[in-house]
Undergrad: 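Got a structure here, written out as structure tokens. Questions coming.
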There are 2 protein chains.
Amino acid sequence: MQSKVTIYDIAEKLKISTATVSRALNNSSKLKQSTLELIQRTADEMGYQRNIFAKALKSGKSNTIGIIVPRIDINFFSSAIRGIQEELNPNGYQVVICQTYDKGTLEVETINSLINSQVDGILMSISNTKIDNSDTFKTLVKKGFPFVFFDRKKDIEGISSVTTNDFEAGYIATEHLIKQGCKRVAHLTNNHALDIFKDRFLGYKKALEDYGLEFDSEIVIKTPYKIDEGKKHTRDLLALKNPPDGIFAVHDYLAFGAIQEIKAQGKNVPDDICVMGFSNEPFAKFLELSITTVNQSPLKMGKFAAQALLEQINNPNNIKVEKHVVLTPELLVRKSTLRQ
Amino acid sequence: MQSKVTIYDIAEKLKISTATVSRALNNSSKLKQSTLELIQRTADEMGYQRNIFAKALKSGKSNTIGIIVPRIDINFFSSAIRGIQEELNPNGYQVVICQTYDKGTLEVETINSLINSQVDGILMSISNTKIDNSDTFKTLVKKGFPFVFFDRKKDIEGISSVTTNDFEAGYIATEHLIKQGCKRVAHLTNNHALDIFKDRFLGYKKALEDYGLEFDSEIVIKTPYKIDEGKKHTRDLLALKNPPDGIFAVHDYLAFGAIQEIKAQGKNVPDDICVMGFSNEPFAKFLELSITTVNQSPLKMGKFAAQALLEQINNPNNIKVEKHVVLTPELLVRKSTLRQ
DNA sequence: TTGTAGGCGTTATCAC
DNA sequence: GTGATAACGCCTACAA
């Protein structure tokens with residue numbers, strides 16, 4: 001099956017000890033240059049591959065990091081994963097990707113399974129669930145297990161995080177709509193189990209306040225972020241006595257659904273109603289009526305998260321490192337909000 | 001850090017041997033029921049976690065499978081991965097996901113890195129590259145390493161595969177356009193380094209032939225499957241003296257771009273030109289003008305691929321198992337081709 | 001039914 | 001500089 005040349009075979013062939021072979025393979029400095037080269041060359045010739053399990057058993061380190069995300073087919077997450085890998089691979093770490101499909105129960109299960117496979121650390125974006133898994137996270141902190149939240153975090157003392165400033169994002173999104181002339185801005189949001197959605201909502205609310213617009217909870221709607229839902233709730237919004245003239249959706253899918261519905265009713269985007277998305281999903285840019293959105297730099301976020309994790313892993317003494325990186329969101333103005 | 005209770009600790013506590021503990025933990029049948037229960041309970045209480053490296057070192061098996069795909073943010077692949085996991089997890093296997101980003105060099109590198117981390121097998125969809133990595137694959141066959149292609153395969157003797165019948169898919173797609181009344185069907189395809197695209201092309205050609213339409217290589221265009229490219233090449237097609245009245249694109253992104261361009265030129269889809277996509281990307285269904293496409297059942301494909309791999313792994317003697325599962329494509333007719 | 005003991009492949013601590 | 005050897009934690013003949 002696998003090639004199974006061991007350091008024993010090399011040692012025997014060269015009539016030296018396994019200790020020396022091991023040292024050579026690890027580039028130990030205190031070896032004669034000639035033996036070092038000889039051993040490395042021989043190892044190559046014999047097709048030697050280090051057995052990572054033996055190494056891991058001995059060292060207690062797997063050089064593997066677990067990544068937990070709700071799902072990988074959302075552009076934001078796959079980009080963040082790419083960022084993580086670009087940071088970790090050069091540092092000698094492999095990556096294991098797990099999905100929770102936003103199921104709260106799978107969340108704990110996945111963490112345990114990763115720890116059971118002895119990853120050296122975990123990077124996680126939590127699920128959108130009402131289940132409270134705080135205890136699991138707290139236990140991790142107590143054990144000093146290297147762990148970092150990215151994007152979707154929970155406020156747990158001792159856990160570092162890398163996030164977008166979602167309050168600011170909600171604020172600038174709403175502000176943009178107001179500056180385009182919207183007087184009544186609806187908000188398609190998600191349940192507020194996740195901070196990211198709550199913060200965007202708070203930013204939305206603050207912007208309304210700052211610009212002297214009335215806040216009306218009737219036009220703040222909590223819904224899963226699916227295209228269908230965007231359509232459905234927009235239908236409801238348009239049926240109100242006092243319908244909105246702007247919609248800020250917490251995801252491009254919702255915004256997309258909203259736009260479809262508005263058009264279907266013979267109204268114009270952005271002239272009748274401005275629609276604003278979130279997340280910068282690739283398709284949003286390519287629509288005939290491109291969607292204004294907020295970009296969260298997932299690649300950068302992944303890199304920062306990986307760095308924060310490495311810092312924890314390489315933390316020699318157990319000094320408490322809690323660190324919160326907050327990235328600045330970027331407004332991408334496109335047709336769906338750009339009135340002439 | 002990790003809890004480090006070993007079978008030694010349990011043995012000591014209960015004044016029995018590690019062998020008995022090990023047996024109990026593996027549910028060996030030849031143990032007194034009472035001791036078995038006692039040990040399992042004690043292990044639980046002490047928070048015992050099996051050290052997978054020791055086990056792997058001893059058994060030579062990692063119980064991990066590598067998955068290699070071009071990228072995970074394409075719905076087809078993320079769905080296939082889901083199918084694979086649903087099949088493998090219940091069988092006690094973990095999964096490591098790797099992306100090649102369609103880079104030929106990363107392909108070999110990734111395989112080696114996976115083998116180096118001693119996965120028990122690999123499931124792979126090859127990259128769209130001109131680089132020929134056949135030798136790497138042949139070496140795997142020679143070593144008897146469990147390996148299965150899914151979707152994007154290479155014809156290598158000894159390697160099993162699970163694919164869609166892309167010839168048939170190309171045929172029914174083209175046939176559908178012809179039956180909608182198209183007399184001149186263009187084909188937006190990819191370079192033909194990959195069988196899937198070549199086969200779809202061959203199916204396209206055969207359908208034209210069967211229905212007595214002329215084949216014209218001028219309207220067969222090889223291009224990366226990006227929205228922009230779909231636009232660009234459609235522009236070229238429409239500028240021809242004899243423009244097509246139907247377009248069969250090998251990916252929904254291309255079809256999407258094509259539709260945008262046709263509309264931009266003030267023409268109507270499907271009345272002036274029918275447009276057909278491929279892959280059943282989720283967004284295609286939700287467009288105002290929904291895109292007719294071909295569904296390839298990625299979930300099912302993932303499951304079959306995983307099964308084929310498990311068969312190889314569990315193959316007791318080294319009987320040669322080469323198996324080719326070919327799934328039937330399914331036409332999903334939507335607005336972009338449906339003339340009244 | 002249970003215990004003894006050797007080995008999986010590495011690395012690290014001693015010695016020399 | 002290099003060699004002998006003891007772990008790392010688990011499994012499994014072989015014994016008892």
Side-chain angles (χ1 to χ4, degrees), chain A residues 1-40 42-44 46-64 92 94 115-120, chain B residues 1-44 46-64 92 115-120:
Chain A
M1 194 79 90
Q2 323 268 61
S3 57
K4 28 197 313 185
V5 182
T6 73
I7 53 172
Y8 266 88
D9 303 321
I10 302 175
E12 197 177 4
K13 180 157 184 185
L14 296 177
K15 306 290 177 216
I16 55 178
S17 76
T18 59
T20 307
V21 176
S22 174
R23 281 189 273 256
L25 263 20
N26 288 296
N27 265 313
S28 164
S29 51
K30 31 188 153 177
L31 274 191
K32 229 193 322 186
Q33 188 64 20
S34 59
T35 43
L36 191 144
E37 280 168 12
L38 174 65
I39 294 171
Q40 293 189 338
T42 315
D44 264 4
M46 298 175 74
Y48 170 77
Q49 301 256 93
R50 161 191 276 124
N51 182 316
I52 58 157
F53 297 127
K55 185 185 159 80
L57 176 59
K58 186 75 182 127
S59 68
K61 278 203 56 180
S62 64
N63 276 308
T64 300
Q94 296 294 316
I115 290 185
N116 205 2
S117 36
Q118 283 167 270
V119 293
D120 295 337
Chain B
M1 195 81 89
Q2 323 269 61
S3 57
K4 26 199 312 186
V5 183
T6 73
I7 53 172
Y8 268 89
D9 303 323
I10 301 176
E12 196 178 2
K13 179 157 185 184
L14 296 177
K15 307 289 176 216
I16 54 179
S17 76
T18 58
T20 307
V21 176
S22 173
R23 281 189 273 255
L25 263 20
N26 287 297
N27 264 312
S28 164
S29 51
K30 28 188 153 176
L31 273 192
K32 226 192 325 185
Q33 187 64 20
S34 59
T35 43
L36 190 144
E37 280 168 10
L38 174 65
I39 293 171
Q40 293 190 337
R41 186 153 30 83
T42 315
D44 264 5
M46 297 176 73
Y48 172 76
Q49 300 257 94
R50 162 191 274 125
N51 182 317
I52 57 157
F53 298 127
K55 184 184 160 82
L57 176 59
K58 182 74 189 156
S59 68
K61 278 202 57 178
S62 64
N63 275 309
T64 300
I115 291 184
N116 205 1
S117 36
Q118 280 167 271
V119 293
D120 295 336

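Below, chains carry the letters A, B, ... as their sequence lines are ordered, and counting in each starts from 1. Computed from a prediction, not measured in an experiment: that's the story for all the values here. Heavy atoms only: backbone and side chains are in, while hydrogens, waters and symmetry mates are out.
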Undergrad: So, taking the atom named OG1 in Thr6(A) and the one named CG in Asn51(A), what distance separates them when rounded to the nearest 0.5 Å?
TA: 9.5 Å
Undergrad: Shortest non-hydrogen contact from Phe53(B) to Ser117(A)?
TA: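 That would be CZ-O, 4.2 Å.
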Undergrad: Which distance, rounded to the nearest 0.5 Å, do you find between the CG of Asn116(B) and the CD of Gln118(B)?
TA: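 Result: 7.5 Å between the selected atoms.
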Undergrad: Side chains of Leu14(B) and Val21(B): closer than 4.5 Å at any heavy-atom pair?
TA: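 A side-chain contact is absent here, since even the closest heavy-atom pair is not under 4.5 Å.
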Undergrad: Between the protein and nucleotides 8-12 of chain C, list every N/O to N/O distance that falls short of 3.5 Å.
TA:
from	atom 1	to	atom 2	distance (Å)
dT10(C)	OP1	Tyr48(A)	OH	2.5
dT10(C)	OP1	Asn51(A)	N	3.3
dT10(C)	OP2	Ile7(A)	N	2.9
dT10(C)	O5'	Tyr48(A)	OH	3.3
dT11(C)	OP1	Arg50(A)	NE	3.4
dT11(C)	OP1	Arg50(A)	NH2	3.4
dT11(C)	OP2	Ser22(A)	OG	3.0
dT11(C)	OP2	Asn26(A)	ND2	3.3
dT11(C)	O2	Lys58(A)	NZ	3.4

Undergrad: Identify which one of Asp9(A), Ile10(A), Ile7(A) satisfies the side chain to side chain contact (heavy atoms under 4.5 Å, CB included) criterion when paired with Thr18(A).
TA: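 Considering Asp9(A), Ile10(A), Ile7(A), a side chain to side chain contact (heavy atoms under 4.5 Å, CB included) with Thr18(A) is found only for Ile7(A).
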Undergrad: In dot-bracket notation, what is the pairing pattern of DNA chain C, taking Watson-Crick (N1-N3 plus N6-O4 or O6-N4) and G-U wobble (N1-O2 and O6-N3) contacts under 3.5 Å, with [ ] crossing and | for other strands?
TA: ||||||||||||||||
Undergrad: Distance check, rounded to the nearest 0.5 Å: Leu38(A) atom CG versus Thr20(A) atom OG1?
TA: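 Rounded to the nearest 0.5 Å, the CG-OG1 separation comes out at 11.0 Å.
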Undergrad: Distance check, rounded to the nearest 0.5 Å: Lys55(B) atom NZ versus Asn26(B) atom CG?
TA: 5.5 Å
Undergrad: Which is the 5'-most and which the 3'-most nucleotide of DNA chain D that has an atom under 4.0 Å from a heavy atom of chain B?
TA: dG9(D) to dA13(D)
Undergrad: Between atom OG of Ser22(B) and atom CZ of Arg50(B), what is the distance when rounded to the nearest 0.5 Å?
TA: 7.5 Å
Undergrad: Considering non-hydrogen atoms only, spot the tightest contact between Asp120(B) and Ser62(B) and give its length.
TA: OD1-N, 3.1 Å
Undergrad: Using 0.5 Å steps for rounding, measure from the CD1 atom of Ile52(A) to the NZ atom of Lys61(A).
TA: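 So the gap between those two atoms works out to 13.0 Å.
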